[in-house]
Amino acid sequence: MKKISLQTRIQRSKKQMNSFDEEIAKAVAATGAFDAGQAKKLITVPADTEHGNFTLPCFSLARSLHKAPKLIAEELAPKIVLPTGLSKVEAVSGYLNFFIDRKFLANSILAEIDKEGLSYGHISPNGKTVCIDYSSPNIGKELAFHHLRSTMIGNSLSRIYKASGYKVERINHLGDWGTAFGKLIVMYLREKLPTDKKTLDALTVKELNVLYASFSKACEAEPGLEDEARTAFSKLESGDEFYRTLWTAFRAATLRELMRIYDMMGVSFDHYTGESFYEDKMPAVIEELRKKGLMVRSEERDVVMLDEFDLPPCLIRKSDGSTLYATRDLAAAIYRKKEYNFDKSLYVVDLGQALHFKQVFHVLKKMGRDWYTDMEHIPFGVILQQSEDGKWEKGKTRTGHAKLLRDVIEAAQAKILAFINEKNPDLENKEIIAREIGISAITFNDLKNHRLMDVKFDWDSALSFDGATGPYVQNAHVRLCSIMRKAGYDARIEDVDFALLTDESAYELIKTLTKKAERIRQACETDEPSVLAQYSLEIAEAAHKFIHDDRVLGSAEEKSRLFLVKSTQIVLEDVLNLLGLFPVRVM
RNA sequence: GCACUUGUAGCUCAGUUGGAUAGAGUGUCAGCCUCCGAAGUUGAAGGUCGCGAGUUCGACUCUCGCCAAGUGCACCA
């Protein structure tokens, strides 16, 4: 007797899985009522399970056939020869509803997860490169709470793109150049702080932050200070060695603290090419603009006019000759295209800068860089916190009242730790686990809704274990791990009887697992980590319900159910990874 | 003034790309642990999908016009 290899079986079932809609379309077309293309377009997944796994509305035929849709469906249903893997077709009020064979579904999906593991649902390399510019904080300031959004959205997107087959260049475009450094230098010298090497090497961000605050304060009494700062930056830009020494020290101090926090959050980058990196690449850009006659003199400044796009002019150089944000972004865009030859270049930056990016992209267009269409601003809303009078407000940076990210992380960790001490005091490494859960909770709170929504941050709901939260999703993962641990052996697909995984709870869970590839695709296409955050909730819910309804250990169905537990854990772990959450195994 | 973003249950939000009776969480009320983590689960109540037209068999979804809130709009980034 010939045995069909597992490999062949999987390939066969996978093919059938991915083309259910096509198979249905073909089967329907065989009746002569629809053509296959038309039918495939109409087939959707109904919201309600009662209406099957796939549905085909027949309303569009009503006119051409001069018949009620209800009748059309009823006449069609008995004529349809069901493709493999489908168990029945039903005609209900104008819809043709198709039902998948539960056993077949369980078999094909679990075999696929068994074979592909964590990368189930991923796409193999497509040879394309995407640059993702995220986090990009300003040097000299500590990471504030609102920097979290770009960091976490970008971190998640970089993982999602990698899972979608892209080569990803993760870029931290540090704000390490610009007038801000003029301010720091002015203040540093004004306060007569020591400038010997030892002192400079030991500088901390905290001290720099104090300098910023005192600069703002001093400005109120002495408005001329702003000009002084601009002059100082201009001097730095033109190569003053002493200023350069100070700048290097400021940068190094900030970077040390940044790295510490990124490590803690599990965030990393391939390139720390900040704005200063493009310092020597800007003259060529300016020269090109001049040569092409795009740069004009206006009110003492050099600008590129963008009237034809209904946009305000883009400033290239200030009246003192120093460069601006846009100049550096132009140089950076051109450098990245040359260096990485990207197919896509993303900028994860808050919504407030939409106009700036529009301008930069259009200047590139005028420069004849037709790849400007591959660049995309990925905007997001701000983080709001509730004030005493109940109003949602932005955290403010200028007044220095903004919450520091490290304080927020510490507070979250403490809160989770207190909870662990109450529920599970003997847990090993509980400080680290508490920190991972705390960071995940904050991250999840940030990613669970659409990017463009403002995040209304509320401690109690973000760190709660109930509802749509990070801890809730992690708890589901932990419970699955716990059952696997207690089983004491590794579940194998050879021991599974798929007929035992067809009850309502198991079926719903399996159906949820089938959606992974589609959700990753959707998250990537729309640059929306929230798609996967919502999906993780769906998985957690279905998993909770399954282990609530279907006893695993000690049951007659143990081996089959344990395998479903394992498969679910694998899917959930990867989704948590894609979101940038820590998939903890105990808590 | 112009541009962009957002309006869905008391509150915080989903809504599978135009499909069937608009769904979760939270809060309120009522259930479920001799049983793998109750950090869970079941149910009740809660709606003019901002307003008004249009497109069509069908609109929370697409188009247009209003209204409200937020954010940008030439020497910060």
Side-chain angles (χ1 to χ4, degrees), chain A residues 42 44-48 50-51 55 57-63 68-69 92-95 97 136 138 175 177-180 183 226 229-230 275 298-303 310-315 317-320 322 324-326 328-329 349-356 358 379 381-382 384 392 394 419-420 422-424 437 448-450 452-456 458 460-461 464-469 471-472 474-476 478-487 515 518-519 522 525-526 530-531 534-535 537-538 541 544-545 547-555 558 561-562 565 586-587:
Chain A
L42 286 170
T44 56
V45 178
D48 194 337
E50 264 183 55
H51 299 128
T55 188
C58 302
F59 304 96
S60 53
L61 289 184
R63 188 168 287 174
V92 184
S93 55
Y95 293 88
N97 296 332
S136 308
N138 291 326
W177 205 240
T179 317
K183 294 183 186 177
E226 294 270 5
R230 270 193 282 274
E275 301 191 300
S298 168
E299 301 173 32
E300 302 285 297
R301 293 155 292 178
D302 293 318
V303 306
D310 272 326
L311 293 171
C314 182
L315 265 77
R317 266 202 312 203
K318 300 191 249 184
S319 49
D320 65 1
S322 59
L324 288 115
Y325 186 32
R328 272 161 251 144
D329 268 349
V349 182
D350 70 274
L351 175 64
Q353 294 186 43
L355 179 60
H356 161 77
K358 241 187 226 173
V382 295
L384 303 176
W392 291 101
K394 251 208 298 198
F419 203 91
I420 291 176
E422 186 188 318
K423 291 277 181 183
N424 193 3
I437 296 172
K448 73 176 171 183
N449 297 137
H450 288 144
L452 283 165
M453 288 281 194
D454 289 340
V455 173
K456 289 166 186 161
D458 169 62
D460 293 332
S461 58
S464 159
F465 295 87
D466 303 317
T469 66
Y472 172 84
Q474 282 171 314
N475 178 45
V478 164
R479 287 182 69 188
L480 295 169
C481 290
S482 175
I483 292 174
M484 288 160 70
R485 221 173 17 247
K486 286 194 172 135
K515 298 178 186 167
E518 167 63 15
R519 292 307 169 89
Q522 198 185 347
E525 246 172 42
T526 57
S530 67
V531 171
Q534 296 293 333
Y535 181 47
L537 287 170
E538 263 181 73
E541 233 167 280
H544 272 139
K545 187 148 168 49
I547 60 182
H548 180 268
D549 292 350
D550 294 355
R551 173 82 201 179
V552 178
L553 302 181
S555 71
E558 175 173 313
R561 287 179 176 169
L562 187 62
V565 164
V586 285
M587 64 195 270

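Each chain gets a letter, A, B and so on, in the order the sequences are listed, and its residues count up from 1. The model shown is predicted, which means the values in this text are computed figures rather than measured ones. Quick note: numbers below take in every heavy atom, side chains included, and nothing from hydrogens, waters or symmetry partners.
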Please confirm whether the shortest side-chain N or O distance from H450(A) to OP1 or OP2 of A14(B) is below 4.0 Å. yes
Could you state the CG-P distance from L355(A) to C4(B), rounded to the nearest angstrom? 11 Å
Just to be sure I understand the rule, does A354(A) reach a base, reach only the sugar-phosphate, or reach nothing, if contact means heavy atoms closer than 4.0 Å? nothing
Once you apply a heavy-atom cut-off of 4.0 Å, does P313(A) come out as touching a base, just sugar-phosphate, or nothing? base
With the side chain of S319(A) defined as its heavy atoms from C-beta on, choose the nearest nucleotide among A20(B), C75(B), U41(B). C75(B)
Is S530(A) side chain donor-acceptor paired with the A14(B) base, going by distance under 3.5 Å alone? no
At 4.0 Å (heavy atoms only), tell me whether V478(A) reaches a base, stays on the sugar-phosphate, or touches nothing. base
Both distances under 3.5 Å, Watson-Crick or G-U wobble: report the partner of G7(B), or none. C67(B)
Could you state the atom-to-atom distance from CG of L351(A) to P of A69(B) in whole Å? 18 Å
For S482(A) and V478(A), indicate whether the former's side chain and the latter's backbone hold a donor-acceptor pair under 3.5 Å. no
Scanning all shown strands, the Watson-Crick or wobble mate of G43(B) with both distances under 3.5 Å is C29(B)
In whole Å, I'd like the distance from the CG atom of D350(A) to the C1' atom of C76(B). 13 Å
Remember a base hit wins even if backbone is also touched, and classify D466(A) as base, sugar-phosphate or nothing at under 4.0 Å, heavy atoms. sugar-phosphate
Ranking A20(B), A77(B), A14(B) by distance to the side chain of N138(A), first place goes to A77(B)
Any side-chain heavy-atom pair from T469(A) and Q474(A) closer than 4.5 angstrom? no
The glycosidic conformation of C66(B), counting syn as within 90° of 0 and anti otherwise, is anti
Under a 90° cut-off about 0 for the syn range, is U17(B) syn or anti? syn
Counting only side-chain N and O atoms of K358(A), is one of them less than 4.0 Å from OP1 or OP2 of A3(B)? no
Is the ring pair Y95(A)/F59(A) parallel, tilted or perpendicular, if the boundaries are 30 and 60 degrees? perpendicular
With the side chain counted from C-beta on, respond yes when R317(A) and R301(A) share a heavy-atom pair under 4.5 Å apart, and no when they do not. no
Looking at every strand, decide which applies to N97(A) at a 4.0 Å heavy-atom threshold: base, sugar-phosphate, or nothing. base
What N/O pairs connect the protein and nucleotides 33-36 of chain B at under 3.5 Å? Give each pair on its own line.
residue : atom : partner : partner atom : Å
C35(B)  : O2'  : R551(A) : NH1          : 2.1
C36(B)  : O4'  : R551(A) : NH1          : 3.2
C36(B)  : O4'  : R551(A) : NH2          : 3.0
C36(B)  : O3'  : K486(A) : NZ           : 2.9
C36(B)  : O2   : L553(A) : N            : 2.9
C36(B)  : N3   : V552(A) : N            : 3.0
C36(B)  : N4   : I547(A) : O            : 2.1
C36(B)  : N4   : D550(A) : O            : 3.2

Is there a donor in the side chain of Y535(A) and an acceptor in the side chain of E518(A), or the other way round, less than 3.5 Å apart? no
Does C13(B) pair with anything, Watson-Crick or G-U wobble, both distances under 3.5 Å, and if so, with which nucleotide? G23(B)
Going by heavy atoms in the side chains, are Y325(A) and L315(A) under 4.5 Å from each other? no
To the nearest Å, how far apart are D310(A) CG and G72(B) P? 21 Å
Need one value for K448(A): base, sugar-phosphate or nothing, where a base atom within 4.0 Å counts as base even if backbone is also close, heavy atoms only. nothing
Pairing partner of U55(B), by Watson-Crick or G-U wobble and under 3.5 Å for both distances, is none
Can you identify which nucleotide, out of A77(B), U17(B), A3(B), has its nearest atom closest to the Q522(A) side chain? U17(B)
Between A180(A) and E525(A), which residue's closest nucleotide on RNA chain B lies nearer the 5′ terminus? E525(A)
Counting only Watson-Crick or G-U wobble pairs whose two distances fall under 3.5 Å, which nucleotide matches G1(B)? C73(B)
Take atom C1' in A77(B) and the same atom in A38(B), then report the distance between them in whole Å. 50 Å
The Watson-Crick or G-U wobble partner of U34(B), with both key distances under 3.5 Å, is none
Side-chain heavy atoms of V455(A) within contact of K448(A), under 4.5 Å: no
Which one is paired to U61(B), where only Watson-Crick or G-U wobble pairs with both distances under 3.5 angstrom count? none
Using a heavy-atom cut-off of under 4.0 Å over every strand shown, decide if Q474(A) touches base, sugar-phosphate, or nothing. nothing
Determine the interatomic distance between C1' on G54(B) and the same-named atom on U61(B); round to the nearest Å. 15 Å
Select one nucleotide: of C75(B), A77(B), A20(B), the one nearest the side-chain heavy atoms of L315(A). C75(B)
Ignoring the backbone of R230(A), work out which of A77(B), C75(B), G19(B) is nearest its side chain. C75(B)
For a quick test of reading the model: is some side-chain N or O of Y325(A) closer than 4.0 Å to OP1 or OP2 of A74(B)? no
With hydrogens left out and only the distance checked, is there a donor-acceptor pair under 3.5 Å joining T55(A)'s side chain and the base of A20(B)? yes
With a 4.0 Å cut-off on heavy atoms, is V92(A) in touch with a base, just the backbone sugar-phosphate, or nothing at all? base
When you measure from the side chain of K394(A), which nucleotide among G19(B), U71(B), U41(B) comes out closest? U71(B)
Pairwise C1' distance, A3(B) and C13(B) [rounded to whole Å]: 27 Å
Across the strands shown, which category fits L324(A) at heavy-atom distances under 4.0 angstrom: base, sugar-phosphate, nothing? sugar-phosphate
What N/O pairs connect the protein and nucleotides 56-60 of chain B at under 3.5 Å? Give each pair on its own line.
residue : atom : partner : partner atom : Å
C57(B)  : OP1  : R63(A)  : NH2          : 3.1
C57(B)  : OP2  : R63(A)  : NH2          : 2.8

Measure the distance between the ring centre of H51(A) and the centre of the six-membered base ring of A20(B), then answer whether it is under 5.5 Å with planes under 30°. yes
May I ask which nucleotide in the shown strands pairs with U48(B), Watson-Crick or G-U wobble, both distances under 3.5 Å? none
For K456(A) and C13(B), is the shortest distance between a side-chain N/O and OP1 or OP2 below 4.0 Å? yes
Between C67(B) and G52(B) - C1' atom distance, rounded Å: 11 Å
C1'-based separation of U17(B) from C60(B) [nearest Å]: 13 Å
Rounded distance in Å between the P positions of A68(B) and U41(B): 43 Å
Assign A47(A) to base, sugar-phosphate, or nothing according to its heavy-atom contacts below 4.0 angstrom with the strands shown. base
Could you tell me the separation between the CG atom of N449(A) and the C1' atom of C11(B), rounded to a whole number of Å? 13 Å
Could you go over nucleotides 7-9 of chain B and give all protein N or O partners under 3.5 Å, atom names and distances?
none

Should K183(A) and E226(A) count as side-chain neighbours, where that means a heavy-atom distance under 4.5 Å? yes
Specify the separation, in whole Å, of atom NZ of K515(A) and atom P of A14(B). 17 Å
Between C4(B) and C62(B), how far is it from one P atom to the other, in whole Å? 16 Å
Distance only, no hydrogens: is a donor on one side chain within 3.5 Å (strictly under) of an acceptor on the other, for N97(A) and T55(A)? yes
Work out how far the C1' atom of G25(B) is from that of U8(B), and round it to whole angstrom. 15 Å
